[in-house]
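Before any comments, here is the structure.
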2 protein chains.
Amino acid sequence: MASDQTRSAILAAAERLYADRGFGDVTLRDIVAEADVNLAAVNYHFGSKDELIAELFVTRSIATNRERLRELKAAEEQGGGRAPIEVILRALVGPTLRGCLGPENQRSTAARFMIRASIESVPPIRRIKNREIDHLRKFANAMRRALPERSDEEIYWGLHFALAMAHHTIRESERLTKLSDGRCDLDDVDAIIERVVSVAATALTAGKATGKAPARVAVR
Amino acid sequence: MASDQTRSAILAAAERLYADRGFGDVTLRDIVAEADVNLAAVNYHFGSKDELIAELFVTRSIATNRERLRELKAAEEQGGGRAPIEVILRALVGPTLRGCLGPENQRSTAARFMIRASIESVPPIRRIKNREIDHLRKFANAMRRALPERSDEEIYWGLHFALAMAHHTIRESERLTKLSDGRCDLDDVDAIIERVVSVAATALTAGKATGKAPARVAVR
DNA sequence: TTGCAATTCAAACAGTTGTATGAAACTATC
DNA sequence: GATAGTTTCATACAACTGTTTGAATTGCAA
C-alpha cells in the first residue's frame with residue numbers, strides 16, 4: 001500500500017472515532033482497527049498519538065482560520081481598508097459556526113470532530129489553541145480601524161464576547177435545545193450568526209465611548 | 001483515625017491536585033499520597049474514582065446554585081414577584097464569576113478546581129451539568145416575568161449568551177489577558193459581572209420585541 | 001535482477017491504571 | 001474484656017496504555 005494511503009486512512013479513522021466517541025475513550029488500537037492498518041503505523045507516520053491528534057486539529061483549524069481571514073480581507077478591501085464592525089464580526093464567528101452547526105444528521109465528520117475538540121480540550125489541542133493569539137490580533141486590529149473612537153479594552157472585550165457566544169453555542173447546542181424545548185432553532189446557522197454578530201456589535205457600539213465599563217445598575 | 005477525617009482528607013487532597021494539575025494526569029495514587037491515606041480508602045469511602053470527582057463537583061456547584069437562587073429570590077421578593085432583568089442576570093452570573101475569578105494569587109482551591117472543571121469537562125462532571133437544566137429554568141421563568149413582552153426564544157437566547165460570556169471568561173481568562181496585553185482587567189470581578197450583565201441585558205431589551213432574530217446587516 | 005530504502009507487521013515491552021481482597025487494627029457497645 | 005462492626009492496610013489483580021523492536025515485505029531505481 002502506498003505510504004500516504006495508510007497515513008490518510010489513519011487520519012480518517014481517527015477523526016471519525018474521535019468525533020463519535022470523544023478523545024477520552026478512543027485508543028490507538030481502536031483507530032488502527034477502524035483504519036485496518038498495523039498498530040505501529042501510527043507511530044511510524046505521526047511519531048505519537050498526540051501528534052496525530054494535533055495534525056487532525058491543525059488541519060481543520062487552518063481551514064477555518066483561512067476562511068476567516070479571506071472574509072476579513074475581502075471586506076476590508078471592499079471598504080477601502082475599513083470594514084463595518086458587523087462584517088468583521090461575521091468573518092470572525094461565521095466560519096466557525098458554519099463549520100460546526102447545522103442540521104445534526106448532515107454534519108460532517110470534520111464538524112463533529114471540531115465540536116469534540118471544543119468540548120473536551122485535550123493537551124495537544126490546547127497547545128495549538130494557545131498559538132491562535134496572533135490570528136485573533138488581526139481581528140482586533142480590524143475592529144480598531146472600524147471603531148477608532150473605542151478604547152482597546154472595549155475592543156478586546158467585544159472580541160472576547162463574540163467568541164464566547166459562538167463557542168458556547170457550539171459547546172452547548174444540545175443543552176440549549178433541551179432548555180428551550182426546541183424553541184431556539186440550532187439548525188438555522190445563518191440566523192445564529194446574525195444573532196451573535198448583532199449582540200456583539202451592540203456591545204461594542206452602545207453607550208458612551210469612555211473606555212470604561214458601563215455604570216452599575218443601582219438595584220439590589 | 002476517625003472515618004470522616006480520612007474522607008475529608010481525600011476530598012481536600014483530590015481537589016487541590018485536580019485544581020493544580022487537571023483531571024488528566026492525577027491518579028488515585030497521587031491523591032492518596034497527598035492525603036497520606038491508603039490506596040483502598042478511596043474505593044472504600046467513595047466507591048470509585050468517578051464518584052469522588054462527582055462528589056467534589058456536586059458540593060461546589062450546589063453552593064454556587066444555592067447562592068444564585070438566594071440572590072434571585074431576594075430580588076424577586078423585594079420587587080413583589082418581579083425583579084429587573086439586570087438583577088436576575090446578576091444573580092445568574094455573579095456567583096459563578098465571583099467564585100472563579102479574582103486576583104490569581106488569592107484564588108481558593110475551590111475556585112481553581114471549578115475553573116478546571118469548566119475547562120476539562122470529564123464524564124462524571126458532564127453528567128452532573130446535564131442535570132442543571134431545571135435550575136436554569138427557574139432563571140428563564142424569572143426573566144420571562146421581567147420581560148413579558150419578549151418571546152420565549154429571545155429569553156432563552158439571552159440566558160444562553162449570558163452564560164456564554166461568563167463561562168468563556170472563566171475558561172479563557174488567561175488568553176484574554178495575553179491577547180489584550182493586560183488591558184482587560186481580569187481581577188476586577190465586579191466590573192466583569194457588570195459588563196456581562198450589561199451586554200446580556202441590552203441583547204434582551206434592544207430592538208423590537210418581535211421574537212425574531214435581528215435583521216441581517218446588508219453589507220458583505 | 002540486484003540493491004537499497006521505505007513501509008508493514010507481529011510481538012513484546014514497560015509502565016500505569018482503577019479496583020478487589022482478605023487479613024489486621026481499631027472503635028464502640030454490652 | 002469479649003464481641004461486633006468499621007475502617008485501614010499491604011498486596012495483588014487484571015486489563016489496558018502508548019511505544020519500540022527487529023524481522024519481513026514491498027516498491028523503486030540502477
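Numbered from 1 within each chain, the chains take letters A, B, ... in sequence-line order.
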Take atom [atom1] of [X] and atom [atom2] of [N], then tell me their distance rounded to the nearest Å.
X: A/Asp25; N: D/dA15; atom1: CG; atom2: P; result: 19 Å
X: A/Leu52; N: D/dT19; atom1: CG; atom2: P; result: 10 Å
X: A/Leu39; N: C/dA10; atom1: CG; atom2: P; result: 10 Å
X: A/Leu28; N: D/dT20; atom1: CG; atom2: C1'; result: 13 Å
X: A/Ile10; N: C/dC9; atom1: CD1; atom2: C1'; result: 13 Å
X: A/Phe23; N: D/dT17; atom1: CZ; atom2: C1'; result: 18 Å
X: A/Asp4; N: D/dG27; atom1: CG; atom2: P; result: 13 Å
X: B/Ile53; N: C/dT17; atom1: CD1; atom2: P; result: 13 Å

### Task
Using the six-membered ring wherever Trp is involved, compare the ring planes of B/Tyr18 and B/Phe113 and label them parallel, tilted or perpendicular (cut-offs 30° and 60°).
tilted
### Message
Using 30° and 60° as the class boundaries, would you call the ring planes of B/Trp157 and B/His160 parallel, tilted or perpendicular?
### Response
perpendicular
Which of these nucleotides, [options], is closest to any side-chain atom of [X]?
X: B/Tyr44; options: D/dA12, D/dT19, D/dT6; value: D/dT6
X: A/Ser48; options: D/dT19, D/dA12, D/dT6; value: D/dT19
X: A/Thr27; options: C/dA10, D/dT17, C/dA11; value: D/dT17
X: B/Thr6; options: C/dA10, D/dG18, D/dT8; value: D/dT8
X: B/Lys49; options: C/dG18, C/dA10, D/dT17; value: C/dG18
X: A/Asn43; options: D/dT6, C/dA6, D/dT20; value: D/dT20

### Query
Looking only at atom types and distance, does a side-chain atom of A/Asp30 sit under 3.5 Å from a main-chain N or O of A/Thr27, one as donor and one as acceptor?
yes
### Task
Examine the side chains of B/Arg126 and B/Ser121 and answer whether a donor and an acceptor come within less than 3.5 Å of each other.
yes
### Query
Quick one: is D/dT8 close enough that its OP1 or OP2 comes under 4.0 Å of any side-chain N or O from B/His45?
yes
### Task
Report yes if at least one side-chain N or O of B/Asn38 is closer than 4.0 Å to OP1 or OP2 of D/dT7; otherwise report no.
no
### Task
Select base, sugar-phosphate, or nothing to describe what A/Ala40 touches, counting heavy atoms under 4.0 Å on all strands.
base
### Query
Between B/Thr169 and B/Leu186, is any pair of side-chain heavy atoms under 4.5 Å apart?
yes
### Query
For DNA chain D, whose closest nucleotide is more 5', that of A/Val26 or that of B/Arg29?
B/Arg29
